[in-house]
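Here's the structure, in C-alpha cells; my notes come after.
Computation of the quantities below employed the complete heavy-atom set of this structure, encompassing side-chain atoms and omitting hydrogens, waters and symmetry-equivalent molecules.
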Amino acid sequence: MRIKIETALFSLFLGIAILSLYLADPSYDSDILWSVAIGKWIALNHSFPVVDSFSWTIHGKEWMTHEWAYSWLAFIFSEAFGSLGFYILALIPMVLTIYFLYLMVKSYDENKTYAYLLAFTIGVVLIYVVSLPFRAYIYALLFATLLLYLLYFKEEKKYDAILYAALFMLWANFQVSVFIGLVMLMAEMARKFILFPSNRYKVVSIVTLSVVSTFINPYGYKLWSYFIFVMTHMDGHRLIEEWAAVNFNEPWVLFLYLGTAGVVLFLQFKYKPGKGMQEEHLSLAGTAGKPSLCERLLNLMQTFLTKENCLIIGYWCFYIYALYSVRMMMFSLILWTIVVCYFVSKTKRFNFSFKTYYICLLLFVSILLANLADADFTVKDVLTYKREVTPVEEVAFLRDNPAYSYHLFNEYMFGAYLILNDIPVFIDARCDSYIRFGILNKFLDIKGLKEDPQTAFNELDVRNLLITDGALKKYIDINPQWKLVYGGPTAFIYTRTEND
C-alpha cells in the first residue's frame, strides 16, 4: 500500500507539473478543434458518422472517425469545464501512464535506492515534450504502457485474457494505433508460445480475445480496413509531418535521437544483461543423453529472450521505426524510460535515500507554482488562443456574411476551426480522407503554385478564399477574377468577381 501511495503522489505531482507548462502558452494543433466538432456531432445526432458532412469537397464520401471516444470526451469536457476540460482530459491518461511506468521501474530497485527517479523523470518529460497533450495520441501512450505492464510486470492470473481484451477494446475506440499494440502482443505471445508449452492454451486465448475485442467499435471490421488503407497508402501519408522521416536539421531533434540511443548503447555496453527469467522455464538439464538441436535452440532462446532483453529489443525496434516515422518516437521513449531505469537500478554507485523522493515532489510543486504564476493563474481559451489555427475575426465575418463561405478554399490549419463553426471546408486536418480522394495533393499543388491555381479553382468550382499572406495571395492579388472583401489580422477573404 505504501508503494502504491508513493507512486500515486509522484505521478499526480509530476503530471500536473508537466501539464502546467502549457497554461501560459498552450501548445496544440488543429486536431483538438475537429475532435470537439466531431464529438459535438456525435452528441447531437446520437450516432457515429459514416460519411463526411464537414467539407464540401468530399461531402457524402465514406469516412469514419477512429478516435470517436476521445472526440466525444473532448466535447463533453469542454462543455462542462471550458478550456480547463482539455487539461483534465489530458491529465487523466498522463497520470495513469506515469503511475504504471513508475510501478514498472520501481520493480527494478534491487539496491533499495531512489537513483532511478532522475532517469525516470527525464524519460517522462521527454515523452510529453515529443507528444502534444491535447490529442488522442496521449491515450495511445497510456494503452501502450498498460500493455507493457500486463505483458512483463503483472503477476499472472486466470482472468488475464479478460484484462487484455478490455484493454484492446478501449484502445480500438480511442485510436487506430491499437494495431501497434497488437504487434507488441503478438511478439511477446509468440515467445511464450515457443518457450512455455504448458501456457500455450492461455497464450492462444489471450491473442484470440484481444484480436476479437478490436472489432467491438462502432465501425467493426472497417477499423481494420482503415489501418490497411493507411499502410498501403503510406506514400500519401508522408505528406503529413508526423508521418514523415525524422528531420535532423532541427538541433533538438538530433540531440533527442542521438542522445537517447547513445544512453542505451552506453548502458548496454557497461552492464551485462540479467540472467534467467522470473517466469516458468524449460527444464532440460535432466534430459538423458545429449540434448537435441531443438532442445539446445530452446535453451539458447530461453537464456537470451529474458524480459529485460525483450524490452531492449522493443526499444530498438521502435527507435528504428521512429527514424522512418517521427510519430513512433513516443512509443520508443516509453521503452527507453523503462530500459534506462533498469540499468540505473543495477548500479551500486548511487545511493539516493528516500529524501530524494520528497525533493522531487518539492521540485514538481515549485515548477507548478512558477508555471501558474507565469500564466497569471488563468487558463487561456484553447478554442481561440492560437490565431494561426483559429482565425477568430475572419470566421466571425464569414458567419455574418454566409455568402462568402460557399465553396470556400481555406488554409489547412484553419479547417478545424471552420468545422467547429459549422462552415463547410475545402480541407482540414482529417487528412486521411483527403489523401484517399486526392484533395490533399490538389491543395498542395494550389498552395505551392505547382499548377495554375485559377485552373484548379475553376475545375473544383471554388467561389471564395480564406488564405494567409504568401505566394498564393500574391497570385490572387493580380488576378482580376478575385476581389478582397475582408482583411483580418490573420488571413484574407476573397470572392470571385461577378464578371468571371
Side-chain angles (χ1 to χ4, degrees), residues 1-20 87-88 90-128 138-139 141-160 162-164 166-167 170 267 271 274 276-279 306-308 310-311 333-369 371-372:
M1 180 60 68
R2 185 187 68 82
I3 292 176
K4 290 184 177 180
I5 294 174
E6 170 189 317
T7 307
L9 288 174
F10 193 91
S11 306
L12 181 63
F13 281 106
L14 178 54
I16 295 176
I18 294 173
L19 202 57
S20 66
Y87 288 87
I88 297 173
L91 184 65
I92 294 170
M94 183 180 288
V95 169
L96 288 174
T97 300
I98 299 170
Y99 179 85
F100 284 100
L101 273 176
Y102 191 100
L103 287 180
M104 287 187 273
V105 303
K106 177 69 176 176
S107 67
Y108 285 124
D109 189 19
E110 301 171 356
N111 299 309
K112 305 301 180 183
T113 173
Y114 282 78
Y116 65 88
L117 283 183
L118 178 60
F120 177 78
T121 304
I122 292 173
V124 170
V125 170
L126 285 176
I127 290 170
Y128 293 108
I138 198 171
Y139 280 85
L141 300 182
L142 168 61
F143 297 138
T145 302
L146 284 172
L147 179 58
L148 289 173
Y149 179 76
L150 290 177
L151 287 174
Y152 296 110
F153 295 90
K154 179 187 170 298
E155 183 182 351
E156 289 190 357
K157 300 288 185 180
K158 292 182 179 179
Y159 54 80
D160 280 354
I162 298 175
L163 291 179
Y164 282 102
L167 171 61
L170 277 174
L267 293 175
Y271 299 110
M277 292 186 288
Q278 305 283 332
E279 311 177 54
T306 63
K307 173 177 72 175
E308 289 74 26
C310 286
L311 289 169
L333 286 171
I334 289 175
L335 286 157
W336 183 89
T337 303
I338 299 171
V339 167
V340 171
C341 288
Y342 158 66
F343 282 120
V344 169
S345 296
K346 288 168 65 70
T347 182
K348 296 181 180 179
R349 293 184 179 181
F350 303 114
N351 188 23
F352 293 0
S353 68
F354 188 62
K355 293 179 182 179
T356 309
Y357 174 84
Y358 288 113
I359 292 172
C360 285
L361 292 187
L362 180 62
L363 175 64
F364 301 154
V365 172
S366 301
I367 292 173
L368 169 64
L369 293 176
N371 288 334
L372 288 175

Flag the pair [X] / [Y] as yes when at least one side-chain heavy-atom distance between them is below 4.5 Å, and no otherwise.
X	Y	result
K346	L267	no
L151	Y164	yes
F364	I16	no
L150	D160	no
F153	K307	yes
L146	L142	yes
L148	L311	yes

Under 3.5 Å donor-acceptor pairs involving side-chain atoms of residues 114-122, not counting sequence neighbours:
unit_1, atom_1, unit_2, atom_2, d
Y114, OH, E6, OE1, 3.1
Y114, OH, K106, NZ, 3.3
Y116, OH, Y102, OH, 3.2
T121, OG1, L117, O, 2.8

Any idea how Y358 and F354 line up, ring-wise: parallel (<30°), tilted (30 to 60°), or perpendicular (>60°)?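 Rings of Y358 and F354: perpendicular, over 60°.
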
Take Y357 and F352 through the ring-ring contact (aromatic ring centres under 6.0 Å, His included) test and state the conclusion after the steps. CA-CA 9 Å; Y357 174 84; F352 293 0; over 10 Å; no

Quick one: does any side-chain atom of S107 pair with a main-chain N or O of M104 as donor and acceptor, under 3.5 Å?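 Pair found, side chain donor or acceptor close to backbone of M104.
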
Quick check against the 3.5 Å criterion: does N111 have a side-chain atom that pairs as donor or acceptor with the backbone of S345? yes

Restricting to side-chain hydrogen bond (donor to acceptor under 3.5 Å, both in side chains), what partner residues turn up for Y108, sequence neighbours left out?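 Once residues adjacent in sequence are excluded, the partners of Y108 under the side-chain hydrogen bond (donor to acceptor under 3.5 Å, both in side chains) criterion are E308.
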
Consider side chain to side chain contact (heavy atoms under 4.5 Å, CB included). Of L141, I338, L96, which one does L101 pass it with?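 The side chain to side chain contact (heavy atoms under 4.5 Å, CB included) with L101 is passed solely by I338 among L141, I338, L96.
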
